[in-house]
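Numbers here simply count residues along the sequence, with the first being 1.
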Amino acid sequence: MRLKDIIPIAFPHGGITPAGLRREAKRGRLKLMRIAGKDFTTLAAIEDMQRLCVVEPDRSEAPALHPDDRGKAALAAARAIVKELRETGKISTSLNRRRR
């Protein structure tokens with residue numbers, strides 16, 4: 001089918017144009033046939049292209065923290081360090097008394 005005719009079938013909610021399909025063909029993701037200067041493709045070729053275009057979420061990134069959450073996390077980390085230093089005797093408990 002011609003690109004302009006297959007789009008309403010393959011993409012019923014829109015979002016793609018014949019030019020977009022030609023770009024995908026140039027990227028090697030969509031098989032086209034050019035006959036008499038007109039571009040044609042099949043529904044099967046579009047389904048193959050859609051499989052190639054799937055974007056998997058990047059699992060390596062940590063979720064973004066809200067600035068308040070970053071502050072709370074930093075405070076919790078600092079408190080954990082102080083607790084460990086106190087327990088190992090590397091920090092004097094007299095430091096606590098001076099602050100009070």
Side-chain angles (χ1 to χ4, degrees):
M1 296 178 80
R2 286 192 60 181
L3 298 183
K4 68 177 185 147
D5 297 326
I6 203 166
I7 287 173
I9 299 166
F11 301 93
H13 301 291
I16 193 92
T17 63
L21 292 177
R22 285 187 195 96
R23 275 193 300 276
E24 292 303 315
K26 283 186 181 181
R27 292 179 181 136
R29 297 183 199 147
L30 177 64
K31 292 181 183 178
L32 289 183
M33 297 167 279
R34 184 161 290 144
I35 303 169
K38 310 277 187 295
D39 292 326
F40 297 83
T41 193
T42 64
L43 284 173
I46 287 182
E47 288 172 2
D48 291 341
M49 175 199 70
Q50 289 171 332
R51 278 192 285 279
L52 293 172
C53 292
V54 170
V55 178
E56 296 293 331
D58 187 10
R59 308 244 183 230
S60 64
E61 287 186 29
L65 292 177
H66 186 274
D68 291 343
D69 294 339
R70 275 189 243 141
K72 289 176 185 177
L75 182 59
R79 286 181 175 157
I81 291 170
V82 169
K83 181 180 177 187
E84 183 179 337
L85 290 173
R86 280 189 186 138
E87 288 172 355
T88 59
K90 293 183 180 177
I91 190 170
S92 172
T93 55
S94 63
L95 290 176
N96 246 358
R97 291 186 200 131
R98 279 192 235 156
R99 282 193 318 178
R100 294 181 184 168

Can you see which heavy atom on [X] is nearest to which on [Y], and at what distance?
X   : Y   : value
L52 : R29 : CD1-O, 3.7 Å
L43 : A10 : CD2-CB, 4.0 Å
C53 : E24 : SG-OE1, 3.6 Å

* **Atom pair NZ/CD1 of K83 and I81 - distance to nearest 0.5 Å** => 13.5 Å
* To do: Nearest 0.5 Å please: distance from the CG atom of L3 over to the CD1 atom of I16.
  => 10.0 Å
* Just wondering, do M49 and L21 contact through their side chains at under 4.5 Å, heavy atoms? -> yes
* Asked: Taking C-beta and beyond as the side chain, do K31 and T42 meet within less than 4.5 Å on heavy atoms?
  -> no
* Asked: Should the heavy atoms of other residues, nucleotides or ligands under 6.0 Å from CD of Q50 be counted, would the total exceed 12?
  -> yes
* Structure fact -> So the side-chain hydrogen bond (donor to acceptor under 3.5 Å, both in side chains) pairs with at least one residue in residues 7-23 (sequence neighbours excluded) are R22-D39
* Asked: Is L30 linked to I9 within one hydrophobic cluster, defined over Ile, Leu, Val, Met, Phe, Trp and Tyr using a side-chain heavy-atom separation of less than 4.5 Å?
  -> yes
* Asked: Got a donor-acceptor contact below 3.5 angstrom from the T41 side chain to the L32 backbone?
  -> no
